[in-house]
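Comments concern the structure below.
Atoms within each ligand, like the ligands themselves, are counted from 1 in listed order.
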Amino acid sequence: MQIKVLGSAAAEGWPALFCECDICKYAWKHKGKDVRRRTSYLLNDDVMIDYGPDVYGQSLQFDIDLSKIGAIFFTHSHDDHCDPVEFAWRRQGFSVVTKDLHIYANQTTLNRIQQRLMNGDWERYHIIPHLTLPGVPFQFKQYKVMPILAQHAAYPELPLNYIIQDAEGKTALIGNDTGWWCDASWEHLKAYKLDIAIIEATMGPKYFDHTRGHLGTGAAVKVRDELKRLGVIDDNTLVAVNHFSHNGLGLHKDMEAFFNPQGIQVCYDGYVLKK
Ligand SMILES: [Zn+2]
Ligand SMILES: [Zn+2]
Ligand SMILES: [Zn+2]
């Protein structure tokens, strides 16, 4: 199983659009791993998790043949994870598209995308929508997927994290955006043994213990520790943090200095997790 990080920033990117803060100035000057696009992942070469406003640039930067993407699993409807405009070009007259694209998403996200399509007509865009609910597993090709409820977007949206198992039995968790999970989500997690666990650390060192809607760096370590206590991960699990906000003040080198000694990797754009 291979997961490529196509973006590692929170909503406003890093450096953030229009931002005058010192962290963003540093990123502009030094570039490298502190330049972060909006969070998205490529699973092997046929599934994407989230499809945000940086998708066109990401497809060029990371050499992604989008015509090979058979499915997109959406975590939630927020603008940094879902950019409906970028589906518009699948319509006849723009791009030549013959293959179906399966979209797995909660109702709020499906509604957002459908509103952007001419007459709300999925077929015209070769898109097959699937309403995806927490705790209700689904299968796409060789992938067995368990969506779990994230603690994030406001009700009635049901934001999702994903536990994804491939044909070889390798299992990965996509754990953004979320704060501390509800009991039901922890219960679902307990049934798995993860090879890869991507946790979020949006709030950085500034909001170290933050657990509502997002995690600070200290809270991310606590999530890792709880996953370990429950037997969901062990020393062989590749654990990484992702989805960072400049407002959390953690430059890449500072995040590595904090996380690496604790056995946690820090994602950056282009980072590949393989098991
Ligand atoms: Zn986000
Ligand atoms: Zn900034
Ligand atoms: Zn969000």
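The two atoms that bring I3 and I198 nearest to each other are CG2-CD1, 4.2 Å, heavy atoms only. Closest approach of H126 and T98 over heavy atoms only: ND1-O, 4.0 Å.
Excluding waters, the set of protein N, O or S atoms lying under 2.8 Å from the Zn ion (ligand 3) comprises H76 NE2, H78 ND1, H152 NE2, D177 OD2.
Under the 30°/60° scheme for interplanar angles, the aromatic rings of Y268 and Y271 are found to be tilted.
Using modelled atom types and a 3.5 Å distance limit, the side chains of T178 and Q151 yield no donor-acceptor pair.
The hydrophobic cluster containing V272, built from Ile/Leu/Val/Met/Phe/Trp/Tyr side-chain heavy atoms closer than 4.5 Å, comprises no other residue.
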Which is it for N106 and T109 under the side-chain hydrogen bond (donor to acceptor under 3.5 Å, both in side chains) test, yes or no, and what are the steps along the way? CA-CA 6 Å; N106 65 32; T109 308; 2.8 Å; yes
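Cluster annotation: I233 and I199 are assigned to the same hydrophobic cluster (Ile/Leu/Val/Met/Phe/Trp/Tyr, side-chain heavy-atom contacts under 4.5 Å, transitive).
Angle SG(C24) to the Zn ion (ligand 2) to SG(C21): 110° [nearest 10 degrees].
Looking at H246, its N, O or S atom nearest to the Zn ion (ligand 2) turns out to be ND1.
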